[in-house]
Amino acid sequence: MPELPEVETIVRDLHQTLPGKTINNTQILQSNVVQQSKKLFKSKLLGKTFKSIRRRGKNILAHVDPECILVVNLGMTGRLGFKDTDSVFTHPAVYFQLDNDDTLIYDDVRRFGTLNIFTEREWKERSKQLGPEPLSSSYKSADLHQKLVTSRAPIRSWLLNQKNVAGVGNIYANESLYLSGIHPGRSANSLTKLESNLLHQALQKTLSSAINNRGTTLRNYRDASGLKGTNGANLTVYGREGESCVSCSEQVSRIVFSNRSAFFCPGCQK
DNA sequence: AGTGTATCCTGCAGGC
DNA sequence: TGCCTGCAGGATACAC
């Protein structure tokens, strides 16, 4: 569910409210979202104060002192927010009771999300397995092309692999490919330098405008205050099978590979 | 080594 | 109305 723009929106909100708050108690209602020992998980957070909230790919990094990071991956339906906001929590999985009587809630319908505690050192190692941040100014079109030529995977699948680019999911992979005129089934190594350049630009444009719109809400996604993202209106192909392409009026098609739907315009994407 | 598939889980929409 | 099927924004263990 949440991809880079949705996670970024939540992180920015939480960074305004969470730092300085101390965890008085942690309650785990759905134990499978916490992969480590529950006892250890609780004890490592007890009495700790949130410092900063950051993002790496689709992961929320909540730094608590000292040298300890709570890493939250929202999976398909995970949500983080405060009790008594507009948010309705139907499937609470973890409660964090804070020293100002607020309760931070991790809620997750399908429970594909995960919460883990890492030391700074452990996370640094783990983070190496993730690809570059697509919105980083140091991420250049040449970096993308250099990596693309090493893989025969379909470009849509390639984009979903977090080792290649961090934070891209099915919505923004499809939208970026549409914007750059590339068919989702093309093998990664078939992309020319020019196409890599177009894709690089499309990724940055698609992701940054989605952040400006506070993410895409199709069904479950809500920001930390419980509000929906407004980027759904900007989607050109994702979820629009059978509708007319906005630029050539051919019908948007859906094909399935790697168990995931790919949406594209047969007229615009070769 | 590099890819595709099945799987974790719940809820919802659509067809009959 | 109710049952069944397919599908959903992710990540990963496994088979080939």
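Here is the naming used below: chain letters follow the sequence lines, and residue numbers restart at 1 for every chain.
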Contact class for [X] vs. all strands (heavy atom < 4.0 Å): base, sugar-phosphate, or nothing?
| X | result |
| --- | --- |
| A/Thr77 | nothing |
| A/Arg254 | sugar-phosphate |
| A/Ser261 | sugar-phosphate |

Do any side-chain atoms of residues 255-266 of chain A form donor-acceptor pairs under 3.5 angstrom with protein atoms, and if so which ones, sequence neighbours left out?
unit_1: A/Ser258; atom_1: OG; unit_2: A/Ser157; atom_2: OG; d: 3.2
unit_1: A/Ser261; atom_1: OG; unit_2: A/Arg254; atom_2: NH1; d: 2.6

- Message: Side chains of A/Ile69 and A/His63, heavy atoms from C-beta outward: is any pair under 4.5 Å?
- Response: yes
- Message: Using side-chain heavy atoms (C-beta onward) and a distance below 4.5 Å, is A/Leu177 in contact with A/Val237?
- Response: no
- Item | Between C/dG6 and B/dA6 - P atom distance, rounded Å | 13 Å
- Between B/dT7 and C/dT5 - P atom distance, rounded Å: 16 Å
Rounding to an integer number of Å, can you tell me how far [X] [atom1] sits from [N] [atom2]?
| X | N | atom1 | atom2 | value |
| --- | --- | --- | --- | --- |
| A/Ile155 | B/dT3 | CD1 | P | 11 Å |
| A/Arg152 | B/dG4 | CZ | P | 9 Å |
| A/Arg156 | B/dT3 | CZ | C1' | 13 Å |
| A/Leu29 | B/dT10 | CG | P | 15 Å |
| A/Asp107 | B/dT10 | CG | P | 14 Å |

Which pairs, protein N/O on one side and nucleotides 10-13 of chain C N/O on the other, fall under 3.5 Å?
unit_1: C/dG10; atom_1: OP1; unit_2: A/Lys58; atom_2: NZ; d: 2.5
unit_1: C/dG10; atom_1: OP2; unit_2: A/Asn170; atom_2: N; d: 3.3
unit_1: C/dG10; atom_1: OP2; unit_2: A/Arg260; atom_2: NH2; d: 2.5
unit_1: C/dA11; atom_1: OP1; unit_2: A/Asn73; atom_2: ND2; d: 3.0
unit_1: C/dA11; atom_1: OP2; unit_2: A/Lys58; atom_2: NZ; d: 2.9
unit_1: C/dT12; atom_1: OP1; unit_2: A/Arg126; atom_2: NH2; d: 3.2

- List for me each residue that meets side-chain contact (heavy atoms from CB on, under 4.5 Å) alongside A/Glu67, sequence neighbours excluded, and say none if there are none. A/Glu120
Tell me if the [atom1] atom of [X] is crowded by more than 12 foreign heavy atoms within 6.0 Å.
| X | atom1 | value |
| --- | --- | --- |
| A/Lys38 | NZ | yes |
| A/Lys21 | NZ | yes |
| A/Gln146 | CD | no |
| A/Asn100 | CG | yes |
| A/Lys51 | NZ | yes |

- Which pairs count as ring-ring contact (aromatic ring centres under 6.0 Å, His included) when at least one residue sits in residues 91-131 of chain A, sequence neighbours excluded? A/Phe118-A/Trp123
- Task: Return one dot-bracket line describing DNA chain C 5' to 3' (Watson-Crick or G-U wobble pairs, both distances under 3.5 Å; ( ) same strand, [ ] crossing, | another strand, . none).
- Result: .|||||||.|||||||
- Considering all heavy atoms of both residues, which atom of A/Glu8 and which atom of A/Ile211 are nearest to each other, and what is their separation? CG-CD1, 3.9 Å
- Item | Nearest-nucleotide comparison on DNA chain B, the residue closer to the 5′ end among A/Asn259 and A/Ala153 | A/Ala153
- Verify salt bridge (Lys or Arg N to Asp or Glu O under 4.0 Å) between A/Glu133 and A/Arg56, making sure each step is shown before the conclusion. CA-CA 8 Å; A/Glu133 286 292 327; A/Arg56 173 80 172 102; 2.9 Å; yes
- Query: Which one, B/dT10, B/dG4, C/dA8, comes nearest to the side chain of A/Tyr238?
  - Reply: C/dA8
- Whether each nucleotide of nucleotides 11-16 of chain B has a protein heavy atom under 4.0 Å at its base (B), only at its sugar-phosphate (S) or at neither (-) is summarised, 5' to 3', as B-----
